S.K.: 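Below is one structure. I have some questions about it.
Bear in mind the structure is a predicted one, so any value in this text is a computation, not a measurement.
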Number of protein chains: 2
Amino acid sequence: MDGLETRELRYFVAVAEELHFGRAAERLAIAQPPLSRAIQQLERRLGVTLLERDRRGVALTPAGATMLAEARLALDAVDAVVRRTRRAAAPTPGLVLTTKAGASHELLKRLLDAYAQRPDAVDVDVLLCEVGGQRGLLRDGSADVALVHSPYDVLTGLETATLQTEGQVAIVPGAHPLARRTRLTLAEVSDVPDLPIARWPRHDGTYPPGPGPEVRTQSQLAQLVALGRTLLVIPGSSRAWQWPEHVAVPVVDAPEVTTLLAWPAGVRPAALEGLVDTATHLA
Amino acid sequence: MDGLETRELRYFVAVAEELHFGRAAERLAIAQPPLSRAIQQLERRLGVTLLERDRRGVALTPAGATMLAEARLALDAVDAVVRRTRRAAAPTPGLVLTTKAGASHELLKRLLDAYAQRPDAVDVDVLLCEVGGQRGLLRDGSADVALVHSPYDVLTGLETATLQTEGQVAIVPGAHPLARRTRLTLAEVSDVPDLPIARWPRHDGTYPPGPGPEVRTQSQLAQLVALGRTLLVIPGSSRAWQWPEHVAVPVVDAPEVTTLLAWPAGVRPAALEGLVDTATHLA
DNA sequence: CCCCTTGATACCGGTGCGGTATCAGGCCTG
DNA sequence: CAGGCCTGATACCGCACCGGTATCAAGGGG
């Protein structure tokens, strides 16, 4: 009765994302007719209409939208089986730690150095990723553990160990009037006409409204900051963001930022215990 | 190159659990030779030895043990796709709440009554389960939300909303000397020769050592308590455990027990918001 | 020593997946 | 209004692969 195959899930996800059988089939490198048939079989087996075949296109039903979200999770879980099993089979299993490019290197270096002193230490590969990409890498088994920042990163579903908590600073061009201040408030930095705060895409890919430039990657943002075109509020320890021609001014009422080690709830590699233990005992 | 099918995962889990190709094949309702071949193909595709075929039996390699744990999670995720999709397609989607049999009915009733008053309320089915069974039901999509007790239940990977916090009481036969006490300590109840505390199985199915009787279900325990053969420390509100011929004595230094609403991190049904909202605003 | 039990190998047949060819309906365009 | 063409659905076919039966190879025990 039940027992879907991952092939069916992959096919459905392709159609649900493309909302077009032809393009989905192309993406899957199969012909369109077998794909149509497979989706029909899937709907028949579930007893659920997943797609509304309107003239000129395909739309998701509410059940289809649920299935899309769940299917993505399940496919990630299947990928994780392969990745984690392969990793566990390596001669020296090691750990993969992922972090945003541009996060505080010093803290990470201190953690890794301290961990390397342990007798049970294993190799730790560091995998840099885009902003917010850590969750996905943990979920599909590409990484074992991540360095994340609360409240910037979403922590749901992850177990965590706190590394440090710190205030935030505003990064201002040295020539700007604000650079002479010794302290700032969020209200002051949120409304600087000639230095609007950059806007990041939301989860659905759209941008919130506002005057600031739209950015998608750390390097885009770095360029704008270096050009003196935008204002940045970041944890005080993010030295990678601080150039000689800029000034870091504490923002006294910005929320504290906590740097944490995070890993998926559930099964965890044995070697992770040592790293977490090191993290919790880091001065 | 990669892209496992759930069939392969099911086959591997069967063999890894039975540690015997013949029995695993029987469980899967197929013959033994295709199963041997499928596992060999799996190992070849992964490039990993999962099983050590010793004469007289099969043993898991470390990579195989990792794969078993990950495969169970992945298969649960695939089951969850089916269950949640079917549930989302129902005419009136509703919610499934799971709780241990014997937990405080009153609180749950108050919660459900308050929720039913909301204009956006949907039907809530209550699914009773064994001790600790809530996690599995949430993971494989059989339930949307669970009533759990911290620190009794493991909460990793779940999002939660606190319902209430309370002290614990010891349930003692009325004729027992301890029944005349107005308060007790953990030290006092942990070593009562004629009323040893019952032992629950650990996650691997074995029992911790100790003098108390071994129990596996709530009803076994209930019988022992009713017979006056064991002593019980439970949250004060668990009225289902309190008979006229027993006395509830507060245990002053027992850890506080928090009753929480818990649901899997990740996608959640729209209707869940209302229930969580009701829970957080419950007096 | 023989037999039984273990998992692996050999071979064969049927199911079902994926391919090509084609159809059915709606929208544009000329 | 007719003809393209775009959509997804249907028809049919071949082959890969899954699963079945029969058998083998290797130990361990009575």
Side-chain angles (χ1 to χ4, degrees), chain A residues 1-61 63-65 67-68 71 75 78 82, chain B residues 1-61 63-65 67-68 71 75 78 82:
Chain A
M1 196 56 126
D2 34 298
L4 292 192
E5 289 303 320
T6 56
R7 182 181 52 86
E8 310 182 78
L9 294 177
R10 280 192 293 267
Y11 286 10
F12 173 74
V13 169
V15 175
E17 286 182 352
E18 300 284 346
L19 292 177
H20 190 289
F21 280 76
R23 283 194 298 274
E26 192 179 359
R27 199 172 104 181
L28 295 165
I30 65 170
Q32 168 259 318
L35 180 57
S36 285
R37 219 185 16 181
I39 300 293
Q40 287 176 59
Q41 278 182 11
L42 179 62
E43 288 180 308
R44 225 176 310 124
R45 284 177 55 187
L46 291 177
V48 170
T49 303
L50 300 168
L51 298 166
E52 214 62 69
R53 280 87 155 171
D54 197 51
R55 308 281 148 239
R56 210 74 174 178
V58 179
L60 281 173
T61 63
M67 170 125 182
L68 174 58
L75 288 175
V78 173
V82 178
Chain B
M1 195 57 125
D2 34 300
L4 293 190
E5 288 303 319
T6 58
R7 183 180 52 84
E8 309 182 78
L9 293 178
R10 279 192 294 268
Y11 285 11
F12 173 75
V13 168
V15 176
E17 286 181 353
E18 300 284 348
L19 292 177
H20 190 290
F21 280 77
R23 283 195 297 275
E26 191 179 1
R27 199 173 106 183
L28 295 166
I30 65 170
Q32 169 258 320
L35 180 57
S36 285
R37 217 184 19 178
I39 300 294
Q40 288 177 57
Q41 277 181 11
L42 179 62
E43 289 181 309
R44 223 176 313 126
R45 284 178 56 187
L46 291 177
V48 170
T49 304
L50 300 168
L51 299 167
E52 213 63 66
R53 279 87 153 174
D54 198 48
R55 303 279 148 239
R56 210 75 175 179
V58 178
L60 282 173
T61 63
M67 172 125 181
L68 175 58
L75 288 175
V78 172
V82 178

S.K.: Roughly how many Å is it from CD1 in B:Ile39 to C1' in D:dC18, rounded to a whole number?
M.R.: 14 Å
S.K.: Would you please confirm or rule out a distance under 4.0 Å between OP1 or OP2 of D:dA9 and any side-chain N or O of A:Arg37?
M.R.: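 For D:dA9, OP1/OP2 do not have a side-chain N/O of A:Arg37 under 4.0 Å.
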S.K.: Which one, D:dC18, C:dT6, D:dA9, comes nearest to the side chain of B:Arg7?
M.R.: D:dC18
S.K.: Between B:Gln32 (CD) and C:dT5 (C1'), how many Å, whole number?
M.R.: 11 Å
S.K.: Might you confirm whether atom CD of A:Glu52 has over 12 heavy atoms from other residues, nucleotides or ligands at distances under 6.0 Å?
M.R.: no
S.K.: Consider the side chain of A:Ile30, meaning its heavy atoms from C-beta on, and name the nucleotide among C:dG19, D:dG20, C:dG7 that approaches it most closely.
M.R.: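 Closest nucleotide to the A:Ile30 side chain: C:dG19.
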S.K.: Choose from D:dA22, D:dG20, D:dA9 the nucleotide whose nearest atom is closest to any side-chain atom of B:Pro33.
M.R.: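 Given the options D:dA22, D:dG20, D:dA9, the side chain of B:Pro33 is closest to D:dA22.
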S.K.: How many Å lie between CD on A:Glu52 and C1' on D:dG8, as a whole number?
M.R.: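 To the nearest whole Å, that distance equals 14 Å.
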S.K.: Under 4.0 Å from OP1 or OP2 of D:dA9: is there any side-chain N or O of A:Ser36 that close?
M.R.: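 A:Ser36 to D:dA9 OP1/OP2: side-chain N or O found under 4.0 Å.
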S.K.: I need the CD-C1' distance between A:Glu43 and D:dA9, as an integer number of Å.
M.R.: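 To the nearest whole Å, that distance equals 13 Å.
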S.K.: Return no unless some side-chain N or O of A:Gln41 is found under 4.0 Å from OP1 or OP2 of C:dC17.
M.R.: yes
S.K.: Please answer whether the main-chain N or O of A:Gly64 pairs with a side-chain N or O of A:Thr61 as donor and acceptor at a distance below 3.5 Å.
M.R.: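 Present.
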S.K.: Could you check whether A:Thr49 and A:Glu43, counting side-chain N and O atoms only, form a donor-acceptor pair closer than 3.5 Å?
M.R.: no
S.K.: Atom NE2 of A:His20 to atom C1' of D:dT7: distance rounded to whole Å?
M.R.: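 After rounding, the reported distance stands at 7 Å.
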S.K.: B:Pro34 or A:Ala31: which one's nearest nucleotide on DNA chain C is closer to the 5' end?
M.R.: B:Pro34
S.K.: Taking the minimum atom-to-atom distance to the side chain of B:Arg53, which one of D:dA11, C:dA8, D:dG20 wins?
M.R.: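 Of the candidates, C:dA8 comes closest.
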S.K.: What verdict does the side chain to side chain contact (heavy atoms under 4.5 Å, CB included) test give for A:Thr6 and A:Leu75, after you've listed the backbone C-alpha separation in whole Å, the side-chain angles of each residue and the deciding distance to 0.1 Å?
M.R.: CA-CA 7 Å; A:Thr6 56; A:Leu75 288 175; 4.2 Å; yes
S.K.: Just the rounded figure in Å: distance from P of D:dC18 to OH of B:Tyr11.
M.R.: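 After rounding, the reported distance stands at 9 Å.
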S.K.: Counting side-chain heavy atoms from CB outward, which of C:dG7, C:dG18, D:dG20 is closest to B:Phe21?
M.R.: C:dG7
S.K.: Could you please name the option among D:dA9, D:dG19, D:dG20 that lies closest to any side-chain atom of A:Gln40?
M.R.: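 Shortest atom-to-atom distance from the side chain points to D:dA9.
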S.K.: Whole-Å distance between D:dG8 C1' and A:Leu42 CG?
M.R.: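 It is 17 Å, rounded to the nearest whole Å.
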S.K.: To the nearest Å, how far apart are B:Glu18 CD and C:dG7 P?
M.R.: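 In whole Å, C:dG7 P lies 11 Å from B:Glu18 CD.
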S.K.: Is the closest side-chain heavy-atom distance between A:Arg10 and A:Val78 below 4.5 Å?
M.R.: no
